[in-house]
Amino acid sequence: MTYVFVDYETRSPIDLKRCGQDVYLEQAEVVMIGVAFGDREPEYWKTLRMNLPMDAMTFVSWGGFDREVARRVEKLDCPNWIDARALAQTVGLPASLQTFCNAIGIPAKKDPRGTRLINKYCKPQEDGSFREMTPDDRQAMEDYCLQDVRLLQQAWRFLSPLVGEWQRVHQANWESYDRMNRRGVPIDVEACRCALERIVKQTAEIENECFERFGFKTTQTAKVCEFLGTPDITKQTLEGYRSKDADQMWVRDARLITSRAAAKKLVPMIEMARNGRIHGAFHYHGAHTGRGTSMGVQFQNLKKGVIDLTFFEKLHAGTPIDDAIQQTQQNIRGFIKAEEGKTLVIVDYSQVEARVLSWIAEESYLTEAFVSGRDIYREFAASVYGVSQGDVTDTQRAHGKATVLGCGYGMGPKKLVIQAGTMGTVIPARAASELVERYRKSYPAIPMLWQTIDVGIKGLIRGRNECFTAGECIFTINPARTMLRIELPSGRVLRYFKPHINSEMQIVYLDRNGPVRCWGGHFVENICQAIAGDLKTDFMRRCDDHNFHAILEIHDELVFEEYEELSELVLKTALEMMTETPEWLDCPGLIKGEGKILPRFSK
């Protein structure tokens with residue numbers, strides 16, 4: 001099999017960053033291609049339509065963009081294609097080719113001429129036309145294109161040993177994401193436009209009133225800070241701000257309202273939708289732990305909550321809406337709407353990370369409680385507050401829930417208070433200390449696991465041992481001590497580049513965003529999230545086998561779009577499949593899920 005390294009340079013009247021790859025490619029054309037066979041010097045080509053024996057070649061690109069250009073613009077069927085960026089992300093290294101190369105010791109400096117040339121020739125002028133390249137600039141553009149191919153070839157020398165693992169462990173998962181991306185996320189574009197129009201109007205009214213009363217707008221950070229006497233105007237600062245001055249409180253509230261992210265979500269929903277659907281939004285293994293991420297709309301960050309269907313009825317009817325900004329923020333998930341004749345089947349893993357943690361820590365009492373279906377939040381709260389389970393109040397149970405879900409990775413009292421706040425629960429500082437202490441005493445195998453992994457990894461880094469097992473995982477390090485490996489029960493491997501111990505006795509490794517300081521609890525969190533991710537990708541593949549139509553994944557949720565007459569069957573089958581754990585998770589009944597059928601996406 002011959003490896004062919006490819007880098008396309010394209011142009012389109014559509015803004016790629018604003019509208020996304022799918023819409024951009026509708027009107028894209030190829031400017032040039034950099035192509036290299038194996039270790040040979042790269043060449044400049046005008047097209048890949050060269051009667052190449054496609055079945056005998058494996059194409060390699062940095063990212064999935066080039067593959068989609070070949071498929072959609074050049075109309076080529078390239079059955080063997082490897083996304084080197086996705087492969088790099090399975091190692092936990094940067095997604096940028098230049099940054100990746102620098103991280104592994106390959107000098108790579110982005111040629112500033114490339115950015116200038118792309119802006120000049122690959123972006124349209126005001127009339128929509130493109131400039132003609134001068135001979136000198138064409139030569140410079142070719143050099144720039146070939147430079148990226150050379151970097152890709154060098155990066156591949158580092159990544160190529162991982163190809164077998166990719167094909168064995170990741171390929172099928174990546175293909176599930178690819179199918180989901182091709183189906184697309186259905187968007188109620190008309191409702192998006194109506195809501196955005198009202199948000200713009202409400203924002204203008206607030207800004208005008210603020211300027212008339214105080215001489216500045218809420219977007220003028222320095223003046224708002226001066227007026228309120230705060231160091232910044234972040235959400236956390238403003239939500240904790242109190243004043244007896246009514247004007248200061250009005251400005252605070254106005255800033256909180258106008259800074260909400262609702263409009264920032266609606267704009268990409270409108271601009272990225274093609275025929276009412278957003279395609280290509282999800283990235284497989286976008287996070288270090290292997291969980292998926294999304295681009296553009298950032299579906300993973302959609303505010304949780306149960307939507308109000310009457311809000312959308314009012315939008316479509318043109319009925320007045322009080323506080324459109326707040327209403328849109330609360331109902332943001334509902335702009336994802338099934339097509340006519342179809343419904344959304346929404347399934348969600350229940351407490352999946354806490355369940356996985358109990359299993360890998362061998363905390364038998366907690367595991368048995370999850371398997372038997374007992375209310376562990378109520379049980380824990382009863383033990384902390386010294387009451388019977390029947391006398392546990394809603395507030396006390398909420399404290400138990402925040403603790404069980406939040407303290408499994410070493411969270412302290414201060415962070416527990418903050419974490420509970422994000423869940424809508426207030427925990428006093430003194431109660432938080434008691435909750436944290438009681439959690440660690442009630443489930444001692446969990447803090448023991450933090451310590452075991454912390455000590456074991458430090459031993460690997462120092463060369464005192466070559467391998468150890470903990471938390472159902474196998475920990476190893478390469479002879480050069482440059483790559484820590486954690487083999488998960490599924491066989492997938494988490495990698496940590498350049499691990500070392502700093503002067504504060506913390507474990508440090510190089511992530512895609514730079515150095516990360518951590519300890520045993522951090523690795524336990526990574527492992528639990530990774531295993532939860534493995535459960536979901538395994539579930540996604542089996543759903544594909546049943547011809548279910550997954551369109552969206554967010555954390556522990558998976559959403560299908562199915563015909564109304566099939567939705568009940570899909571929901572019943574999907575929930576049964578969620579509880580069927582893979583062979584590597586030897587704890588029947590541990591994993592559970594819940595689901596619902598709705599016309600619009602809702603928690």
Q) How are the rings of Phe158 and Phe497 set to each other: parallel, tilted or perpendicular (split at 30° and 60°)? A)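 Answer is perpendicular, since the angle exceeds 60°.
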Q) Between Asp178 and Arg67, is there a salt bridge with N-O shorter than 4.0 Å? A)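 Yes.
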Q. Do the side chain of Asp511 and the main chain of Pro515 share a donor and acceptor less than 3.5 angstrom apart?
A.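 A pair under 3.5 Å: no.
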Q | Side-chain (Glu363) to main-chain (Ala445) donor-acceptor, under 3.5 angstrom | A |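 Yes: the side chain of Glu363 pairs with the backbone of Ala445.
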(Q) Centroid separation under 6.0 Å, is that true for the rings of Trp166 and His170? (A)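 Yes; Trp166 has its ring centre under 6.0 Å from that of His170.
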Q) Are any of the side-chain nitrogens in Glu190 or Lys337 under 4.0 Å away from the carboxylate oxygens of its partner? A)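 Salt bridge absent between Glu190 and Lys337.
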Q: Could you go through the salt bridge (Lys or Arg N to Asp or Glu O under 4.0 Å) check for Glu487 and Arg492 one step at a time?
A: CA-CA 6 Å; Glu487 183 176 336; Arg492 185 163 67 87; over 6 Å; no
Q: Measure the CG-CD1 distance between Asp454 and Ile507 for me, rounded to the nearest 0.5 Å.
A: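 CD1 of Ile507 is found 4.5 Å from CG of Asp454.
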Q: Taking only Lys NZ, Arg NE, NH1 and NH2, and the carboxylate oxygens of Asp or Glu, determine whether Lys536 and Asp556 approach each other closer than 4.0 Å.
A: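 Looking at Lys536 and Asp556, the cut-off is not met.
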Q. Can Arg374 and Glu368 be counted as an ion pair, charged N to O under 4.0 angstrom?
A.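 Yes, charged N to carboxylate O under 4.0 Å.
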Q | Met57 backbone acceptor or donor facing Asn80 side chain under 3.5 Å | A |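 Yes, Asn80 side chain to Met57 backbone: donor-acceptor pair under 3.5 Å.
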Q: Name the orientation class of the two ring planes belonging to Phe65 and Tyr24 (parallel below 30°, tilted from 30 to 60°, perpendicular beyond 60°).
A: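 Ring orientation of Phe65 relative to Tyr24: tilted.
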Q.
Is it the case that over 12 heavy atoms from other parts of the model lie below 6.0 angstrom from the NZ atom of Lys603?
A.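 Correct, the count exceeds 12.
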Q: Please step through side chain to side chain donor-acceptor pair (under 3.5 Å) for the pair Tyr563 and His549, ending with a clear verdict.
A: CA-CA 10 Å; Tyr563 286 105; His549 302 92; over 6 Å; no
Q: Spell out, as yes or no, whether a donor-acceptor pair under 3.5 Å connects the side chain of Asn181 to the backbone of Ala281.
A: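 Present.
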Q.
Just checking Phe475 against Phe468, ring centres under 6.0 Å apart?
A.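 Between Phe468 and Phe475, which both carry aromatic rings, the centre distance is below 6.0 Å.
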Q: Output yes when a side-chain donor or acceptor of Lys592 lies under 3.5 Å from a complementary backbone atom of Val371, and no otherwise.
A: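 Indeed, once roles are kept as given, a pair shorter than 3.5 Å links the two residues.
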(Q) Is there a salt bridge (Lys or Arg N to Asp or Glu O under 4.0 Å) between Asp188 and Arg600? Walk through the geometry before answering. (A) CA-CA 9 Å; Asp188 187 346; Arg600 295 178 182 270; 2.8 Å; yes
(Q) Checking side-chain contact (heavy atoms from CB on, under 4.5 Å) between Val559 and each of Val185, Ile346, Val345, which is the one that passes? (A)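 Filter result, single survivor: Ile346.
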Q) If you count the non-hydrogen atoms of other residues, nucleotides and ligands that lie under 6.0 Å from CD in Glu576, is the total more than 12? A)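 Yes, the 6.0 Å shell around CD holds more than 12 heavy atoms from other groups.
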Q) How are the rings of Tyr3 and Phe5 set to each other: parallel, tilted or perpendicular (split at 30° and 60°)? A)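 Ring orientation, 0 to 90° scale: tilted.
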Q.
Can you confirm whether more than 12 heavy atoms, excluding those of Glu568, are under 6.0 Å from its CD atom?
A.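 No - once you tally the heavy atoms of other residues, nucleotides and ligands closer than 6.0 Å, there are 12 at most.
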(Q) Does any part of the side chain of Ser294, heavy atoms only, come nearer than 4.5 Å to the side chain of Gln300, both counted from C-beta? (A)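 In contact.
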Q) Ser490 and Asp534: side-chain donor and acceptor closer than 3.5 Å? A)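 Checked: Ser490/Asp534 side chains pair up, N/O donor to acceptor below 3.5 Å.
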Q | Inter-residue atom distance Ile453.CD1 - Cys473.SG, 0.5 Å rounding | A |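 The distance works out to 7.0 Å.
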Q. Near Met483 CE, under 6.0 Å, is it more than 12 heavy atoms from other residues, nucleotides or ligands?
A.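 Yes, because the 6.0 Å sphere around CE of Met483 holds more than 12 heavy atoms from other groups.
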Q) Less than 4.0 Å between a side-chain N and a carboxylate O, is that true for Glu68 and Arg182? A)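 Result for this pair is yes, salt bridge flagged.
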Q | Over all atoms of both residues, closest heavy-atom pair of Glu553 and Leu558 | A |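 Taking every non-hydrogen atom into account, CB-CD1, 3.6 Å.
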Q.
Give me the atom names and distance for the closest heavy-atom approach of Lys303 to Gln329.
A.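 Residues Lys303 and Gln329, closest heavy atoms: CD-O, 3.4 Å.
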Q: Using the six-membered ring wherever Trp is involved, compare the ring planes of Trp81 and Phe59 and label them parallel, tilted or perpendicular (cut-offs 30° and 60°).
A: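 Ring orientation, 0 to 90° scale: parallel.
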(Q) How about CD on Glu74, more than 12 heavy atoms from neighbouring residues, nucleotides or ligands closer than 6.0 Å, or not? (A)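 Count over threshold, so yes.
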(Q) In this structure, is the centre-to-centre distance between the rings of Trp450 and Phe523 below 6.0 Å? (A)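 Between Trp450 and Phe523, which both carry aromatic rings, the centre distance is not below 6.0 Å.
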**Q.** Centroid-centroid under 6.0 Å between His288 and Tyr496 rings
**A.**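 When the ring centroids of His288 and Tyr496 are compared, they turn out to be within the sub-6.0 Å range.
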Q) Are the side chain of Arg291 and the backbone of Gln529 linked by a donor-acceptor contact shorter than 3.5 Å? A)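 Yes, Arg291 side chain to Gln529 backbone: donor-acceptor pair under 3.5 Å.
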Q. Hey, is Asp348 close enough to Lys304 for a salt bridge, meaning N to O under 4.0 Å?
A.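 Here Asp348 does not pair with Lys304 in a salt bridge, since their nearest N and O are not under 4.0 Å apart.
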Q. Are Arg541 and Tyr284 in a cation-pi contact, defined as NZ or CZ under 6.0 Å from the six-membered ring centre and within 45° of the axis?
A.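 Not satisfied by the 6.0 Å and 45° rule.
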